[in-house]
Amino acid sequence: YHLLLFSLSVLLPRKKFIFHYKNVRWARGRNETYLCFVVKRRVGPDSLTFDFGHLRNRNGCHVEMLFLRYLGALCPGLWGYGAAGERRLSYSITWFCSWSPCANCSIRLAQFLSQMPNLRLRIFVSRLYFCDMEDSRERDGLRMLKKAGVQITVMTYKDFFYCWQTFVARKQSNFKAWDELHQNSVRLARKLHRILQPFETEDLRDAFKLLGL
DNA sequence: ATTTTCAAT
């Protein structure tokens, strides 16, 4: 586990971070997904411990599922197999992913989290994965995650800045925003907001459209 | 105007 955690903690090369987290509309060649995470563990009323690192998808395993595999090592006591009568530890995990989760990962995550009331998950995404079609399974998946209590947010400048400071081998260089970072982030945030609206709203909108209102 | 996606070759 020590070896594992060490390998998770290596900082991302600058170019790799920029290429994979760039929130461009047409993300050609981003055939990998990166996940930068911060794990906070509540050890007392006023004290926390931190763990952080990054992962990449490997061998056909999506990075979210890879993260779940490592969760036991990252979050000791999450499953409550400590001493008898000992309370389960509470964790909050924030991750920053270059793509939003696919439908299957969303379903698996939602199922998993429903059994883990002591685990809070916040997901920041740079780009939305296969969410163009109104009826895409990925859209359904994101709604399921929200229903499971996951906070899903599109990354803004401050999030990229934070990631740069935290996960990147930046060698004292400051984060420089790429062209259209802000516009792309706003566009994607609006899109995500529409996706996460309850179904009724879309139904109403369709009804209004039908009525010509 | 059109372009892409946790590859496959």
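As the structure is a prediction and not an experimental result, all values here were calculated from the model. Per chain, numbering begins at 1; letters A, B, ... match sequence-line order.
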Check your understanding: Can you name the residues that form a ring-ring contact (aromatic ring centres under 6.0 Å, His included) with A/Phe67, not counting sequence neighbours?
Key -> A/Phe37, A/Trp95
Practice item. Strictly below 4.0 Å, heavy-atom distances to any atom of DNA chain B: list the hits from residues 179-190 of chain A, or just say none. Key: none
Exercise for review: Could you go through the ring pair (Phe, Tyr, Trp, His ring centres under 6.0 Å) check for A/Tyr157 and A/Phe175 one step at a time?
Suggested key: CA-CA 10 Å; A/Tyr157 177 87; A/Phe175 176 65; 5.6 Å; yes
Exercise for review: Kindly state which residues belonging to residues 93-102 of chain A come within less than 4.0 angstrom of DNA chain B, counting heavy atoms of the residue only, listed by number.
Suggested key: A/Trp99, A/Ser100, A/Pro101, A/Cys102
Practice item. Quick one: which residue pairs count as a salt bridge (Lys or Arg N to Asp or Glu O under 4.0 Å) with a foot in residues 172-182 of chain A, not counting sequence neighbours? Key: none
Exercise for review: Applying ring-ring contact (aromatic ring centres under 6.0 Å, His included), name anything that partners A/His62, two or more places apart in sequence or on another chain.
Suggested key: none
**Study point:** Opening and closing nucleotides of DNA chain B in contact with chain A, under 4.0 Å to non-hydrogen atoms
**Key:** B/dT3 to B/dA7
Study note, to complete from the structure: With sequence neighbours left out, the residues meeting side chain to side chain contact (heavy atoms under 4.5 Å, CB included) with A/Lys147 are none
Practice item. Please measure how far the P atom in B/dT5 lies from the corresponding atom in B/dT9, and state the result in whole Å. Key: 15 Å
**Study point:** Which residues share a side chain to side chain contact (heavy atoms under 4.5 Å, CB included) with A/Arg170, sequence neighbours left out
**Key:** A/Trp164, A/Gln165, A/Val168, A/Ser173
Practice item. Please identify each residue that fulfils side chain to side chain contact (heavy atoms under 4.5 Å, CB included) with A/Ser114, with sequence neighbours left out. Key: none
Exercise for review: Among residues two or more places apart or on two chains, list those pairs meeting salt bridge (Lys or Arg N to Asp or Glu O under 4.0 Å) that have a residue in residues 11-37 of chain A.
Suggested key: A/Glu32-A/Arg56
Point to revise | Counterpart residues, ring-ring contact (aromatic ring centres under 6.0 Å, His included), relative to A/Tyr91 (two or more places apart) | key: none
Study note, to complete from the structure: By side chain to side chain contact (heavy atoms under 4.5 Å, CB included), A/Ile107 pairs with (sequence neighbours left out) A/Gln111, A/Arg137, A/Met144
